[in-house]
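Below is one structure, written out as structure tokens; comments come after it.
Source: prediction; values computed, not measured. Every number for a ligand or one of its atoms is a count from 1 in the order of the listing.
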Amino acid sequence: MGLTLKNPIIAASSGLTKTLDNVIACEKSGAGAVVLKSLFEEVLAEDDWETGQSASQHPEVFDYLRSELRFQYGIDAYCDLIRKAKKAVEIPIIASINGTSFKWLLKFARRVEKAGADALELNVYLPRIRETQKAGEVEAAYLEILETVKSEITIPVSMKIGMYFSSLPEFARQLEYRGLDALVMFNRFTEPEIDIENLDIHTTFSLSSKEDINRLLRWTAIVSAKTNLEIAATGGIHSYEGVVKLLLAGASTVQLASLLYSKGLGEIETILKRISAWMQRHNFETIDQFKGILNFSEAENAALYLRAQFMEKIRAVE
Ligand SMILES: Cc1cc2nc3c(=O)[nH]c(=O)nc-3n(C[C@H](O)[C@H](O)[C@H](O)COP(=O)(O)O)c2cc1C
């Protein structure tokens, strides 16, 4: 993204990056950069929603959203946090917005740029539940959001996406062609849960587990081989080994949240020390010497390799 980080560990957007004190604590703990807790687009839209159609058509949903919004910060507080953070720390401050349309995004993008954010991470959330919506239409919406934001601001723009795309390598290339500065893989979604006693469906959200890393490794190795995008890998990285694996697969940085929630910010220093020791053991002086050396550069071979591995593992279970 054109940002210089002292190391590849980024404190991911979460409660750990929501306040000035937390941002300072992240820097003190050794983080190379911070992605601030997301501003939710609905906060920007709130005024309009009160008089808008969505409110009159879905009053219950609207009430629920409003009650949630009270816990989120507004755009003024967000820009204030950016300004203060920029004064207080030296590491890059990446603003983040979580949204579903770009009507509000533009207003926000301009304001965070003015407040001094080093970059903007777009956490785009486009739920795909309409049976008439085609995959291409969903992808086109992402691309349009990116192009519109890129045409409006000059700071680098990254996009945090989920893993459910029909052809992720091709989609990533489209993002690259439209000037995306970095791809953040993957967004962590809430998941549905069913209570079989109360016959109720509700939503769960839990910290990641270390098994989640395997999906991330696969897509990082593929997308890094098929595009020149910088990749920030996030989701299931719980150790220094995890960081090293992602760098070998081709990520430029990693973003951590769950590990820091469960073990504390002190983990960053532990991981950095262990990565240095690993690099010494393997005679690497810089990350560039090993970044991406295990990505899937040969398309046919990669597909064959994945297929062979699949067959081997399935056979082992029989
Ligand atoms: C409590 C919590 C709050 C989060 N809030 C946000 C958020 O506001 N915006 C966002 O883009 N990601 C958010 N995330 C996702 C993290 O930034 C991160 O990408 C994800 O948790 C995967 O990394 P991990 O496995 O290290 O947790 C949140 C994660 C957690 C655990």
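Among Thr17, Thr234, Ile97, the residue whose heavy atom sits closest to atom 19 (O) of ligand 1 is Thr234. For the residues Gly236, Ser38, Ser13, the heavy atom positioned nearest atom 6 (C) of ligand 1 is part of Ser13. The option with the heavy atom closest to atom 10 (C) of ligand 1, from among Asn123, Leu260, Asn187, Ile237, is Asn123. Between Arg188, Lys18, Gln255, it is Arg188 that holds the heavy atom closest to atom 21 (O) of ligand 1.
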Could you tabulate the donor-acceptor pairs under 3.5 Å formed by side-chain atoms of residues 170-177, not counting sequence neighbours?
unit_1, atom_1, unit_2, atom_2, d
Glu170, OE2, Gln174, NE2, 2.9
Arg173, NE, Tyr177, OH, 3.2
Gln174, OE1, Arg178, NH1, 2.7
Glu176, OE1, Asn228, N, 3.2
Glu176, OE2, Asn228, N, 3.2

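Lys210 and Ser239 form no side-chain donor-acceptor contact under 3.5 Å, judged by distance and modelled atom types alone. A donor-acceptor contact closer than 3.5 angstrom links the side chains of His238 and Ser208.
Ligand 1 does not have Asn98 within reach: every non-hydrogen atom of the residue lies 4.0 Å or more from it.
At least one donor-acceptor pair under 3.5 Å links the side chain of Tyr261 to the backbone N or O of Gly15. Under a 3.5 Å cut-off, the side chain of Lys150 and the backbone N or O of Gly179 do form a donor-acceptor pair. Judged by distance alone, with hydrogens and angles left aside, the side-chain atoms of Thr17 form a donor-acceptor pair with the main-chain N or O of Ser14 at under 3.5 Å.
Remark: minimum distance from atom 26 (O) of ligand 1 to any protein heavy atom is reached at Ala257 N, 2.8 Å. The closest protein non-hydrogen atom to atom 1 (C) of ligand 1 is Tyr261 OH, 3.4 Å. At the top of the distance list for atom 29 (C) of ligand 1, counting protein heavy atoms only, stands Phe205 CZ, 3.8 Å. Scanning the protein for heavy atoms near atom 5 (N) of ligand 1, the closest one is Lys37 NZ, 3.0 Å.
Arg215 is linked by a salt bridge (charged side-chain N to carboxylate O under 4.0 Å, His left out) to Asp212, counting only residues two or more places apart in sequence or in another chain.
With respect to Glu241 and Lys245, no salt bridge is recorded, no charged nitrogen being found less than 4.0 Å from a carboxylate O.
Close N/O approach between Ser208 and ligand 1 is found [any backbone or side-chain N/O within under 3.5 Å]. Of the N or O atoms in Gly15, none lie within a sub-3.5 Å distance of an N or O in ligand 1. Remark: ligand 1 and Ser258 share an N or O pair separated by less than 3.5 Å (distance only, no angle test).
The Gly235 neighbourhood of ligand 1 comprises atoms 22 (C), 23 (O), 25 (O), with distances under 4.0 Å to a heavy atom of that residue. Every atom of ligand 1 with a heavy atom of Lys160 under 4.0 Å away is listed here by number and element: 10 (C), 11 (O), 12 (N), 15 (C), 16 (C), 17 (O), 18 (C), 19 (O). Atoms of ligand 1 lying under 4.0 Å from any heavy atom of Leu256, numbered from 1 in the order shown and given with element: 26 (O).
Contacts of Leu207 with ligand 1, taken as heavy-atom pairs under 4.0 Å, involve the side chain alone.
Residue-environment remark: CZ (Phe189) exceeds the threshold of 12 foreign heavy atoms within 6.0 Å. In Ile194, the CD1 atom is not crowded: 12 or fewer heavy atoms of neighbouring residues, nucleotides or ligands sit closer than 6.0 Å.
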